Amino acid sequence: GCVLMGAGSVTSVEIDNDAISDLVDNISGYDMDDISIVQADVTHLPFRSGRLFDTVIMNPPFGTKNNEGIDIEFIEAALSHVHSSGSVYSFHKSSTRPFIVKEV
């Protein structure tokens, strides 16, 4: 979607093989050369330190039950890789909003 909306380049980070396969299938019908797919754990990114991205859009796992707090780790990773004038957009369960606002 970002490339179709004019992004100069897109880096997609995903840990799950099936999700990567779906991504490759979804973009194969479009002329999108500026998409890099990185298989990695977002909490241990293989990028150099610093603010690399203008915008981060993510759908982290919900920080409930077996992975409590993982959503905050994703937000922290995003904030550490976005330019100071950039933006982070993150999808969360509405019930966790007060916790996320307090933590971030």
Side-chain angles (χ1 to χ4, degrees):
C2 295
V3 171
L4 295 175
M5 295 180 73
S9 66
V10 172
T11 300
S12 176
V13 178
E14 177 60 60
I15 197 168
D16 183 83
N17 285 327
D18 291 336
I20 292 172
S21 179
D22 290 343
L23 172 60
V24 170
D25 289 346
N26 288 335
I27 64 175
S28 66
Y30 299 93
D31 183 24
M32 295 188 215
D33 297 328
D34 291 328
I35 299 177
S36 300
I37 301 171
V38 178
Q39 185 169 20
D41 180 339
V42 168
T43 63
H44 299 93
L45 290 170
F47 307 124
R48 66 175 172 78
S49 296
R51 311 228 181 243
L52 305 174
F53 303 105
D54 297 322
T55 305
V56 174
I57 302 170
M58 63 181 178
N59 185 7
F62 297 136
T64 57
K65 297 185 183 175
N66 297 331
N67 56 357
E68 185 175 342
I70 192 70
D71 46 0
I72 299 301
E73 290 183 43
F74 271 62
I75 292 170
E76 289 170 347
L79 291 172
S80 70
H81 285 84
V82 71
H83 292 287
S84 59
S85 61
S87 300
V88 173
Y89 300 95
S90 187
F91 299 92
H92 298 272
K93 291 172 51 176
S94 60
S95 62
T96 63
R97 186 179 195 285
F99 174 76
I100 291 170
V101 168
K102 180 182 81 170
E103 293 294 315
V104 178

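Note that the structure is predicted; figures quoted are calculated from it, not measured.
When the side chain to side chain donor-acceptor pair (under 3.5 Å) test is applied to S87, no partner is found at least two apart in sequence or on another chain. Legend: residues meeting side chain to side chain contact (heavy atoms under 4.5 Å, CB included) with S90, ordered by chain and number and at least two apart, are M58, P60, I75, H92. In this view, I20 and E14, V24, I37, Q39 satisfy the side chain to side chain contact (heavy atoms under 4.5 Å, CB included) rule, not counting sequence neighbours. Every residue two or more places apart in sequence or in another chain that forms a side chain to side chain donor-acceptor pair (under 3.5 Å) with D41 is listed here: T43. Partners of D34 by side chain to side chain contact (heavy atoms under 4.5 Å, CB included), not counting sequence neighbours, listed by chain and number: S9. Taking T11 as the reference, V13, S36, V38, F47, F53 meet the side chain to side chain contact (heavy atoms under 4.5 Å, CB included) condition, with sequence neighbours excluded.
Note that CG of L52 is 7.0 Å distant from NE2 of H83, once rounded to the nearest 0.5 Å. Atom-to-atom distance recorded for D54:CG and C2:SG is 11.0 Å, nearest 0.5 angstrom. Atom CG of D16 is separated from atom CG of L23 by 11.5 Å, given to the nearest 0.5 angstrom.
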